[in-house]
Number of protein chains: 2
Amino acid sequence: MATRTGRPQRRNQVLSRERIIETAIELLDAGGESALTTRALTERLSTGSGAIYYRAGSRDELLDTATETVVTAALAAKPAGAAATPEDEIRTVALALFDAIAEHQWLATRLTLQIVRKPFGPVTVGIFERIGRQVGALGVPQASWFDAASTLVHYILGAVSQNARIDGDTSTVQPDRAEFLEATATAWQALAPEDYPFMHAIVGRIREHDDREQFLTGIAIVLDGLTRLG
Amino acid sequence: MATRTGRPQRRNQVLSRERIIETAIELLDAGGESALTTRALTERLSTGSGAIYYRAGSRDELLDTATETVVTAALAAKPAGAAATPEDEIRTVALALFDAIAEHQWLATRLTLQIVRKPFGPVTVGIFERIGRQVGALGVPQASWFDAASTLVHYILGAVSQNARIDGDTSTVQPDRAEFLEATATAWQALAPEDYPFMHAIVGRIREHDDREQFLTGIAIVLDGLTRLG
DNA sequence: AACCAATTTGGTGCGCCGCTCCAAATGTGT
DNA sequence: ACACATTTGGAGCGGCGCACCAAATTGGTT
């Protein structure tokens, strides 16, 4: 009777909650949001739907949990150098989110969905806290912290979601990328010049541009604008 | 034999494509994306699924068409005053998109989905052209037009998607709004202050802030940053 | 007015989905 | 060894998107 366990708790854990989430993310990465089905999960984990439900809840909850897992990992990114400026911090976390969405394209819609539906969930709050903490160090007066953080978060998540393509690292997916740019350029060229003068004016830039660089340029622009807040 | 019709074309059009799209938007507005089902459509229009398929294509195509319809309408917004600055133009179209998403919350995810999957569809191109056209008049050098337009579009769509709540006009939905802000503030207050110092620092602002004003502040910040491009 | 080919319609059924429910299996405390 | 709580696998239900098709409807031709 030496035990004072309020809860029995552990057992052999053949099927852990973590393993379900991990497998769910694999399925999502491989085939998009529609590939995450209860049946596919049960088959991969060789179990039944009841067990999955018991541990991970509904499909919607599972998607939220997967989102939370990926985002939390990205938010843990730290700048490489020793003395990091607030700009470094912001760039680092922004790029981490960029890469996370490049690797998990299903995040693009799921992230906005979670921000809209759960404005005080760990994802929303985590992103806000992580980025917002830097704006004070940027010299933004406290009265404008909320506005400044909102603007930064809106821009970063907007850019990151709209760039959800497969070009995270320079491993094997580069050819598709070139084809994709070529197709886009051709399509833009085919537009009626009198109706789309701007698209024609920039079509030359699309082939040579780099999404990641453009993203950093955008961040620099927003940071520049923030310094004028007073 | 006076007819030289290559196509018979018109007929009584009891069930027009427009009517399907219109009804689809009604269903989406009322119950979100999951409320748009073939069966619900057939019931409302008292027809069969074949007819809907014949005119509007798959459910996914119909969702894209609905998105296109709403976005195109928003992009047609023009500034009120006679002599409109490029800043006025940008603010006007940005607010039109803001209101469109406030009225049709399902747009938030559908819009990013369309931008990611169809980078040369009418929605993506339309938004880019409409906003991009203004950056030249802002004094941005042509070499930076693409970057400037990207940044603006990313910010505007990001902010707009993340604000997808029901507070478009001041008609009847205001009480929920106050409750919602109160709940958010309370939730933020409950966070551990040592882990979330920033959230605690700004929690006072949430009750008094206005989404639309904050959105305009963000646009001003980005526009400010754009003027430094050279 | 009668006919025809093309177009348009309503509806049935298939395969799949998320999810509920529950009997059996597996563990723990005494 | 026994009672009991936890955990599991799977069968079944209602609903979904969609392919498919026989019937109805059209406008043009004669």
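Heavy-atom basis, side chains included; hydrogens, waters and symmetry copies ignored. Throughout, protein chains are lettered first and strands after them, A, B, ... in sequence-line order, and every chain is numbered starting at 1. Predicted model, so just to flag it, every value in this text is computed and none were measured.
Other residues, nucleotides and ligands contribute more than 12 heavy atoms inside 6.0 Å of the CD atom of A/E208. Within 6.0 Å of CD on A/E194 lie more than 12 heavy atoms contributed by other residues, nucleotides or ligands.
Of the candidate nucleotides C/dT20, C/dT9, D/dT6, C/dT20 has the atom lying nearest to any side-chain atom of A/Y53. When each of D/dG12, D/dT6, C/dT20 is scored by its nearest atom to the side-chain atoms of A/R39, the top-ranked nucleotide is D/dG12. Minimum atom distance to the side chain of B/S58 is reached by D/dC18, of the listed C/dG18, D/dC18, C/dT8. Minimum atom distance to the side chain of A/T37 is reached by C/dC17, of the listed C/dT9, C/dC17, C/dC19.
To the nearest 0.5 angstrom, A/R55 atom CZ is 9.0 Å from A/E18 atom CD.
In the interface, the side chain of A/S49 is paired with the base of D/dA11 through a donor and an acceptor atom under 3.5 Å apart.
As a whole-Å value, the separation of A/Y54 OH from C/dC19 C1' is 17 Å. Between the CG atom of A/D64 and the P atom of C/dG18 there is a distance of 15 Å, rounded to whole Å. For A/R55 and C/dC19, the CZ to P distance is 18 Å, given to the nearest whole Å. To the nearest angstrom, C1' of C/dT8 lies 11 Å from CD1 of B/I20. Protein atom CZ of A/R59 is 15 Å distant from nucleotide atom P of D/dC16, rounded to whole Å. Atom CD in B/E43 sits roughly 12 Å away from atom P in C/dG11 (whole-Å rounding). Remark: P of D/dG17 and CG of B/D60 are 11 Å apart, rounded to the nearest angstrom. Rounded to an integer number of Å, the gap from CD1 of A/I52 to P of C/dT20 is 14 Å.
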A/L181 and A/E179: side chain to side chain contact (heavy atoms under 4.5 Å, CB included), yes or no, with the steps? CA-CA 5 Å; A/L181 284 186; A/E179 276 177 40; over 6 Å; no
Test log, rule side chain to side chain contact (heavy atoms under 4.5 Å, CB included), inputs A/D64 and A/R110: CA-CA 8 Å; A/D64 279 350; A/R110 265 290 147 179; 3.2 Å; yes
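B/L36 comes within contact range of the sugar-phosphate backbone alone, with a heavy-atom separation under 4.0 Å but no base atom that close. Residue A/L41 is out of contact with every strand shown, counting any heavy-atom pair closer than 4.0 Å.
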